[in-house]
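Chain identifiers are assigned alphabetically (A, B, ...) following the order of the sequence lines, protein sequences preceding nucleic acid strands; residue numbering begins at 1 within each chain.
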Amino acid sequence: MIKAPRGTRDLLPPDTALWNFVEAAVRDVFRIYNFHEIRTPIFESTELFARGVGEETDIVSKEMYTWEDKGRAESDKSQMLTLRPENTAGVVRAYIENKLWDRGLNKLFYIGPQFRRERPQKGRYRQFYQIGAEVIGPAPSGSESPARDAEVLEMLATLLDRLGITGWTLELNSVGCKDCRPAFNEALRKALEPVTATMCADCQRRAVTNPLRVFDCKVPADQPIIEKLPRLSEFLDDACRKNFVDVQEILTAVEIPFTVNDRLVRGLDYYTRTAFEFTHGALGAQNAILGGGRYDGLSEALGGPPAPGIGFAIGEDRLVMSLTQSAESVLRKPDVYIAPLGVGMNREAARLARELRRHDVIVELGDESFRLKKAFETASKASIRYVLIAGENEAQSGAFTLKNIESGEQISVARAELAERIRKR
RNA sequence: GUGGGAGUAGCUCAAUCGGUAGAGCUCCGGUCUGUGGCACCGGCUGUUGCGGGUUCAAGUCCCGUCUCCCACCCCA
């Protein structure tokens with residue numbers, strides 16, 4: 001038997017109804033915050049992610065699905081392509097390629113699959129889905145303003161609340177900018193040098209590849225060492241410091257609860273200043289339901305003009321997991337089951353179904369070979385409220401038998417009144 | 001990439017020391033050809049994840065492999 005590849009899965013009814021419910025709610029929120037949809041390719045040049053996400057990140061160095069796309073002719077040279085592991089680089093590439101700065105401030109959102117070759121786990125798949133947004137534009141458009149950061153965070157809190165997700169936590173930090181972070185990195189490297197050898201194997205590796213991540217270490221023995229390391233917050237320059245304070249003040253004004261976590265770092269190289277994470281307790285070890293931050297230098301890194309921006313990505317799989325709603329509860333059941341009765345009655349049933357569906361009635365249709373008993377059982381199991389009997393008697397008289405499955409009541413309804421009668425419930 | 005647990009019918013699970021693969025639920029049909037849910041009767045579904053090995057005999061023991069789950073790592 002051919003099975004879905006490792007880390008991928010089929011989403012089936014009724015779960016798909018829940019996914020559609022989430023996406024509809026999300027689109028509704030994006031609409032009132034004036035975000036508009038962008039759809040970028042599912043694969044891009046490998047170089048885009050190498051330069052955008054960062055060569056040294058785990059994502060680029062070991063988790064990407066990359067292949068050589070061979071040229072079709074002598075003159076056609078081959079190129080390296082990669083299934084997108086995240087969507088921000090693609091959006092920023094599109095911003096540059098389509099000269100979106102002409103539109104001033106862009107507020108864009110996307111919903112779609114992403115791919116990372118990781119070992120599958122609860123809340124972690126090789127093909128997973130992200131709902132994300134980016135606010136990006138030339139600085140004069142306001143893209144650099146702390147007001148944008150706060151607006152995005154407030155929108156996210158609203159979104160989670162609307163979906164009925166309770167018990168989330170917003171953690172916030174500032175990771176500095178290209179001007180102040182190098183000084184901090186240098187200080188951190190210096191402070192780590194003499195103590196690295198006493199730390200865990202992961203920290204020894206991190207100290208070389210990505211010193212900021214040392215702050216993520218959970219090994220108890222390392223904590224006293226980490227406590228004494230220089231803090232990012234001490235190295236923020238005045239502009240970054242003010243930006244961070246402004247964001248917090250706006251959040252307080254709009255009554256969004258948050259906690260500052262000065263050990264919060266992000267795994268992608270492009271993040272600057274505001275970095276954040278919404279976590280949820282019911283998700284197991286993969287407790288980050290969404291994450292994001294500002295990426296003021298990304299456009300330049302990809303060869304574009306300065307274009308400050310802030311964005312986030314929601315793990316849609318994890319979002320759906322943390323919903324308390326059941327899939328059943330958002331599923332709209334058929335309104336009526338039409339039971340053709342007797343040879344040739346499929347034709348009459350088809351006509352009836354067509355008429356009813358034109359009136360937005362959800363119709364399920366049987367077959368003339370089915371016994372009436374089967375129609376009732378099918379309707380009952382599927383929680384369909386009415387069974388409409390399309391038999392020879394009814395076809396001749398023009399009045400059809402409509403039975404309410406729950407109450408057992410049965411009435412005769414003229415053809416023209418069927419839709420109204422069924423929808424009235 | 002590392003460590004642990006698990007894979008038997010559509011689902012949940014059983015199978016003694018290695019000795020004929022089972023139960024419940026679901027599903028299908030009938031009792032009942034135009035009135036359901038109940039009841040009774042009958043029935044289907046298996047390369048025991050896959051591939052090797054040991055054995056007279058393997059769901060069971062051994063080796064390999066795949067997948068899922070949990071954790072690390074990492075991230076959303």
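Using modelled atom types and a 3.5 Å distance limit, the side chains of A:Asp149 and A:Thr274 yield a donor-acceptor pair. For the residue pair A:Tyr33 and A:Glu154, a side-chain donor N or O sits within less than 3.5 Å of a side-chain acceptor on the partner. Between the side chains of A:Thr40 and A:Asn87, at least one donor N or O sits under 3.5 Å from an acceptor N or O.
Contact annotation: side chain of A:Arg117 to base of B:G1, donor-acceptor pair absent below 3.5 Å. Not a single donor-acceptor contact under 3.5 angstrom links the side-chain atoms of A:Gln410 to the base of B:G34. One cannot find a donor-acceptor pair under 3.5 Å joining the base of B:C69 and the side-chain atoms of A:Arg124.
Residue A:Glu406 is the one, among A:Ile59 and A:Glu406, whose nearest nucleotide of RNA chain B lies closer to the 5' end (criterion: closest heavy atom). Annotation: of the two residues near RNA chain B, A:Pro120 and A:Leu290, the 5′-most nearest-nucleotide partner is A:Pro120.
Residue A:Tyr125 is in base contact, counting any heavy-atom pair closer than 4.0 Å across all strands shown. Backbone-only engagement by A:Arg205 is indicated by non-hydrogen atom pairs under 4.0 Å involving sugar-phosphate atoms exclusively. Using a 4.0 Å heavy-atom criterion, one finds that A:Arg266 contacts the sugar-phosphate atoms exclusively. Base engagement by A:Glu392 is indicated by at least one non-hydrogen atom pair under 4.0 Å involving a base atom. Heavy atoms of A:Asp317 sit nowhere under 4.0 angstrom from any nucleic acid atom. As judged by a 4.0 angstrom heavy-atom cut-off over every strand, A:Ile289 is placed among residues touching the sugar-phosphate backbone only.
Spacing of C1' atoms, B:A71 relative to B:U8, comes out at 27 Å, to the nearest Å. As rounded to the nearest Å, B:G59 and B:C13 have C1' atoms that lie 14 Å from one another. Taking atom P in both B:G22 and B:C44, the straight-line distance is 12 Å, to the nearest Å. With both ends at atom P, the span from B:G10 to B:C66 equals 25 Å, rounded to whole Å. One C1' atom belongs to B:A21, the other to B:G3, and the distance between them is 34 Å to the nearest Å. One P atom belongs to B:C41, the other to B:C32, and the distance between them is 16 Å to the nearest Å.
Among pairs with a residue in residues 386-403 of chain A, none fulfils salt bridge (Lys or Arg N to Asp or Glu O under 4.0 Å), at least two apart in sequence or across chains.
Figure legend. B:G51 is base-paired to B:C63; pairs are counted as Watson-Crick or G-U wobble with both atom distances under 3.5 Å. Shown here, B:U33 forms no base pair; nothing in the strands shown gives a Watson-Crick or G-U wobble contact with both key distances under 3.5 Å. The nucleotide B:G1 finds its pairing partner in B:C72, both defining distances of the Watson-Crick or G-U wobble pair being shorter than 3.5 Å. Pair assignment for B:G43: B:C27, on the basis of Watson-Crick or G-U wobble contacts that are both within less than 3.5 Å. Under the Watson-Crick or G-U wobble criterion, with both distances below 3.5 Å, B:A14 has no partner in any strand shown.
As rounded to whole Å, 17 Å separates atom C1' of B:C75 from atom CZ of A:Phe278. Going from atom CD of A:Glu277 over to atom C1' of B:C75 covers 8 Å, rounded to whole Å. When the P atom of B:C75 is taken as reference, atom CG of A:Leu212 falls 11 Å away, rounded to whole Å. Note: CD (A:Glu368) to P (B:G34) measures 12 Å, nearest angstrom. Residue A:Asn404 contributes atom CG, which lies 18 Å from atom P of B:U35 at whole-angstrom precision. Atom NZ of A:Lys374 is separated from atom P of B:U33 by 15 Å (rounded to the nearest Å). Atom CG in A:Leu402 sits roughly 19 Å away from atom P in B:G34 (whole-Å rounding). At whole-Å resolution of the value, CD1 in A:Ile338 and C1' in B:G34 are 17 Å apart.
The side chain of A:Ile389 approaches B:U35 more closely than any other nucleotide in the set B:U35, B:C28, B:A76. In this structure, the nucleotide among B:G34, B:C73, B:C74 sitting nearest to the side chain of A:Glu63 is B:C74. In the set B:U67, B:G36, B:A76, the nucleotide with an atom closest to the side chain of A:Glu118 is B:A76. Nearest to the side chain of A:Lys373, among B:A76, B:A71, B:C32, sits B:C32. The side chain of A:Arg318 has B:A76 as its nearest neighbour among B:G34, B:A76, B:G36. Here the side chain of A:Asp202 is nearest to one of B:C73, B:A76, B:C69, namely B:C73. Closest to the side chain of A:Lys381, from the set B:A76, B:G3, B:C27, is B:C27. Distances from the side chain of A:Arg371 to the nucleotides B:C32, B:U67, B:A76 place B:C32 closest. Here B:A76 is the nucleotide among B:A76, B:C75, B:A71 with the atom lying nearest to any side-chain atom of A:Tyr271.
Aromatic ring centres of A:Tyr295 and A:Tyr271: separated by at least 6.0 Å.
The side-chain ring of A:Phe376 is not stacked on the base of B:G37, judged by centre separation under 5.5 angstrom and plane angle under 30 degrees.
The minimum heavy-atom distance between A:Arg126 and A:Arg6, with the atom names listed, is CD-O, 3.2 Å. Listed here is the closest heavy atom pair of A:Cys240 and A:Cys177: SG-SG, 3.4 Å.
Under the 30°/60° scheme for interplanar angles, the aromatic rings of A:Phe215 and A:Phe184 are found to lie parallel.
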